[in-house]
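Worksheet: the structure to be examined is printed underneath.
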Amino acid sequence: MNTKNLSGAALEKALAAKLEELLRGVDWLRGWQVEHVGGASDAGFDLLAIVPLPGGGKAALCVECKGELRPSVFRMLADRIFSPAGRPKVVVPVLALPWVSPRVAELCAEHGWSWFDLAGNHRLDVPGLLHLQHTGNESVHVRPRPTANLSTREAGRVIRALLLPDHAGMRWTQREMQKHCQPNVSLGLVNKVVRYLRDEAFIEGAEDGGFRLRDPLKLLFAWRVAYRFERHERRGYFTLLQGRKLRDALAGLGLRTRGFAAYAAFSAAEFQAPHVRQPKTWLYVREQEVSKFEQLVEAKRVDSGENLVVLIPDDDGVFYLGDGGTMGDNRMNCTNAVQTYVDLYHCGGRGEEAAEALLNQRLKPEWKRRGLNV
């Protein structure tokens, strides 16, 4: 079947056949039926599946068929209340698309909607009767190409600024955002990333124009998936400096590099949300500042036995702290907590465990305190 050009009645017919196939796949389920509603009534949905309930009565699956649906538009559907004829005991809103993106699937789950697509990926939840879920089938529909890639340096700079807890609830314009993404991020690139984040319902329009962060947790998770930790070069070093002497040397490094050196990963988390302790000191040092680091910290590069892990960043955005933020007196800066989280999650060892602790101890409470839902 060529699903690329399906629309209108043909698409509705294909989606009805897929729903029948899914219900038929439940061996013990009997007596169900799927009918087209569409233009025949003002019901507000396109397909109606009636399924008998074990204790008597029926469940109604009210299926809204769409050729394409952006996550930002789904929120306009989410609060619909369907009232099919016959007063069924259970009414389940269902979204049917040629292809359901992971983000749309997330929003469906959040708002109590079931869903399925033409590839057979689905989540059908009928309280008191069944819960069917399967994902991973290759799309039989040509997916719309994303307008932005969250793994790029430009996207990372926008996301860091949005997710910084100090900025929670802030109303942004694209020009203001560009100032936080300098250098080398054009207004056009900011516009591209912002449009994508709005389409994915991670941000929302503000009353007087501009935009605000809407869903920090899901945006963080989406960036975590896209983030490419391996782009940062990792080097092992050894120093005889320990304790106070090492901290003072690193504080001097922070001053000498004008903020282009910072505690990273596990070492940053020790200041931000202590949880997993380990003997190595993790740092970001910009390539141009490595010689200063080696001199001030008396560090020698080694192939084994390292006690310093130095990450040479793929992008200077890792040093972003917002409007002149610092992490403490007489101490080198840490990466901001959002950056620390994604680095921890990808750096191995007990990184995922430490990232979860940072999320629960630091990021979620700060977002909540500033009025965001997480």
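Each residue takes its place number in the sequence, starting with 1. For clarity, every value in this text was computed on a predicted model and none was experimentally measured.
Both V26 and V63 are part of a single hydrophobic cluster, where members link through side-chain heavy atoms under 4.5 Å apart. Two different hydrophobic clusters hold L255 and L250 under the rule that ILVMFWY side chains link at heavy-atom gaps under 4.5 Å. There is a path of hydrophobic side-chain contacts, each under 4.5 Å, that joins M76 to W113. Tracing side-chain contacts under 4.5 Å through hydrophobic residues (I, L, V, M, F, W, Y), one never reaches V310 starting from L240; they form parts of separate clusters.
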Worked check of side-chain contact (heavy atoms from CB on, under 4.5 Å) between E106 and F74: CA-CA 11 Å; E106 281 182 353; F74 174 78; over 6 Å; no
side-chain contact (heavy atoms from CB on, under 4.5 Å) between L15 and L11, intermediate numbers included: CA-CA 6 Å; L15 289 167; L11 175 60; 3.9 Å; yes
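Results of the side chain to side chain donor-acceptor pair (under 3.5 Å) test with K292 over E289, Q288, Q295 single out E289 as the only residue that passes.
Between Y237 and F293, the distance from one ring center to the other falls under 6.0 angstrom.
The aromatic rings of F229 and H346 lie parallel to each other, their planes meeting at an angle below 30°, with 60° marking the opposite boundary.
A donor atom on one side chain and an acceptor atom on the other are not found under 3.5 Å apart for E356 and Y341.
Note on E200 versus R198: no salt bridge recorded, every NZ/NE/NH1/NH2 to OD/OE distance being 4.0 Å or above. Taking 4.0 Å as the cut-off between side-chain N and carboxylate O, D315 and R157 count as a salt-bridged pair. Of the charged side-chain nitrogens involved, at least one lies within less than 4.0 Å of a carboxylate oxygen, so that D166 and R370 count as a salt-bridged pair. A salt bridge is defined here as a Lys NZ or Arg NE, NH1 or NH2 lying under 4.0 Å from an Asp or Glu carboxylate O, and E306 with K280 meets this definition. Salt-bridge annotation for K179 and E176: absent, with no side-chain N of the basic residue lying under 4.0 Å from a carboxylate O of the acidic one.
Taking the ring-ring contact (aromatic ring centres under 6.0 Å, His included) definition, one finds that W115 meets it with nothing, sequence neighbours left out.
Other residues, nucleotides and ligands place more than 12 heavy atoms under 6.0 Å from the NZ atom of K218. In the displayed structure, R24 atom CZ is contacted under 6.0 Å by more than 12 heavy atoms of other residues, nucleotides or ligands.
Here CG of L132 is found 9.0 Å from CG of D125. Values are rounded to the nearest 0.5 Å.
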